[in-house]
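Some notes on the structure that comes next.
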Amino acid sequence: MNFKEQITEILSVAVKKLGYSCDGLAVSFSNRPELCDFQSNFAMIVAKSIGCKPLDVATKIVENIKNDEFEFSAVMPGFINVKVSDKALSNFAEFVLTDKNSGIEKVKNPRLIFFDYGGANVAKELHVGHLRSPIVGEALKRLHMVMGDKTISDVHLGDFGLQMGLTILQLHQDGFLDQFFAKNANLTELELKNVTLDVLNEEYPKASKRKDEDEEFKKLADEYTLFIQQKKEPYFSIYNKIRKLSVCEIEKNYNLLNATFELYLGESDSFPYIDNAINIFVDKKLARESEGALVVDVAREGEHVPIPKKSEDEPQRYKNPMPPAIIKKYNGGDLYATTDIATILMRNKEFNPDEIVYITDNRQSVHFEQVFRCCKLSGISPEKQKLTHVAFGTMNGRDGKPFKTRAGGVVKLKDVVNMLVESASAKLAENGIVGDNELARRIGVGAMKFGDLSNTVAKDYVFDMEKFLSFDGKTGPYIQYTIARINSLLVKGEFKGGKVEVENDDERNIILALIKLISSYQIAYETYSLNNLCLSTFDLASAFSTFYNNHKILTENDQNKKSSMLALCNLVKSCLEKALWTLGIDSVEKM
Ligand code: ARG
């Protein structure tokens, strides 16, 4: 049941009857809601092509329509306005209430979509830069589920890179690993003594700083990294123990954010596929040697064009930079691109998805373009498979610069969540609710997520906790509050089910907002961005507020009217809950 389609169909019958072509016939939501609910400018298109007055064409089309559900009118300069009858809106309400998918139309050809988001790095503490991927990724995955696709999600941990070599080297040099390097050490039984998460959080940054200052140290770290990749002992055992410790913590963090993954794999899981992948490039003569490394040229014509230097010592710059992808390092080590290519090979062997969607920040755009091109060139990704990189912008502080601590340091993800939960707790306390930590988490995290997803994914945005957490306005808490308010109404009104009979403008506006909300799922699906869905969820909650303020529901004497109003409340509640679920935000019973 889709009003736009129905109206288009009715119009097209009339248009054909008049002998005009239907090319370009479209119906949109009205931008003058006080006049009509839907509109079409098609008469103007026809008028232009046949050289007539637009209003005359619109009038003729309207005269050829007889329909009880929609009222058509022709207005200056040649628009066709459409108003939906109360009856049709009531029927729509009933349809949404009884439809299994709350009226949201599923895709005609469901696909298998593989989502790669999260991407935490083992041994490195999650920080504020890691927030957007699980927020956007989880919402996109749920959106695809709602739209009828099958989905698989993988956290794709960064667990095989230089950071592992650096961390283990630093731990070794600081004396934490002596038992592992002792002669005849029993590696399976040994535990990492004194190596806690706090220790890791200190050792990695220390090592990372050293590598930039100390060439020898960096070389040694490269070597350690290679040893891990080659499964050499005791490096490999130590690596596995650190990984386990770290993954436990990572999972806890993602759970706090309602980000759930079917697969907790990492770069390292692609390892058995790396040789195979490299051989494909070599066999197909797609790889060449360059300064000891193995590279694949992925630039197309007009890309990666050297810009002539003005002087000898000026560094070489490029127009449309698309450097070759390096798939083997000078020392035989594997790189980020290598594991990503091998991972695609693995995913295709195991799951053969129709699309793989990656959600990372936009600084990785060139990397993914290189990986995608490598996989297409080599056939590792079949032609019909879609590879998508959803690149998001940076989360900035109020000063417009990347969000930092007061001292200018990196903010830990845990600290952001704690901050949100504390602020939500304080707000709840104002409402007389104390000591409900889970409720505060739902509200605090929900505020953050809604604030994030309300922006176009690709853009940077400002993290404004004050604004996000407001119980009033375009915020997560406002939606949650609306649901909580309806809950209490339904309990007090002893709601037991019933039909919605739309009969005034406030009720009409609710159903019309609901229609827009339903259509915004499709928009989100097409654009990989949830901002529109957030906005129309807010619009529905706001239409409900107007209705709530203007009508006395619980004290209504007419029992039929009361039951219809409660049914409408219930409908709004279920649609808001569905939207929040899709966004990965929890609903709440009270607040
Ligand atoms: N670990 C990476 C990082 O921190 C993100 C991983 C994204 N996924 C991927 N398949 N490369 O930047």
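Note that ligands are numbered from 1 as they come in the structure, with each ligand's atoms numbered from 1 the same way. Predicted model only: the values in this text are computed from it and were never measured.
- Relative orientation of the F181 and Y224 rings is tilted, given thresholds of 30° and 60° on the angle between their planes.
- Q364 and Y358 share no donor-acceptor pair across their side chains, judged by distance under 3.5 Å alone.
- Interface atoms of ligand 1 facing D116, defined by a heavy-atom separation under 4.0 Å, are 7 (C), 8 (N), 9 (C), 10 (N).
- Near G119, meaning under 4.0 Å from any of its heavy atoms, are these atoms of ligand 1: 1 (N), 2 (C), 3 (C), 4 (O), 5 (C), 6 (C).
- The pair R132-D361 does not count as a salt bridge, with every side-chain nitrogen at least 4.0 angstrom from each carboxylate oxygen.
- Salt bridge status for R441 with E438: present, with a side-chain N to carboxylate O gap under 4.0 Å.
- Side chains of R347 and Q385: a donor-acceptor N/O pair is absent below 3.5 angstrom, by distance only.
- Neither the backbone nor the side chain of F160 comes within 4.0 Å of ligand 1, counting heavy atoms alone.
- Nearest to atom 12 (O) of ligand 1 among the protein's heavy atoms is Q364 NE2, 2.7 Å.
- Heavy atoms of Y117 found under 4.0 angstrom from ligand 1: none, in either backbone or side chain.
- Salt bridge absent: K219 and E223 never bring a charged side-chain N and a carboxylate O closer than 4.0 Å.
- With sequence neighbours excluded, the residues that form a side chain to side chain contact (heavy atoms under 4.5 Å, CB included) with N186 are T188, E189.
- Contact annotation: for D340 versus ligand 1, heavy atoms closer than 4.0 Å belong to the side chain alone.
- Within ligand 1, the atoms closer than 4.0 Å to a non-hydrogen atom of Y358 are 10 (N), numbered from 1 in the order shown.
- Listed by number with element, the atoms of ligand 1 under 4.0 Å from a non-hydrogen atom of Y336 are 2 (C), 5 (C), 6 (C), 7 (C), 9 (C), 11 (N).
- Looking at N121 next to ligand 1, an N or O pair under 3.5 Å apart turns up.
- Within the listing of ligand 1, atoms 7 (C) sit less than 4.0 angstrom from a heavy atom of T360.
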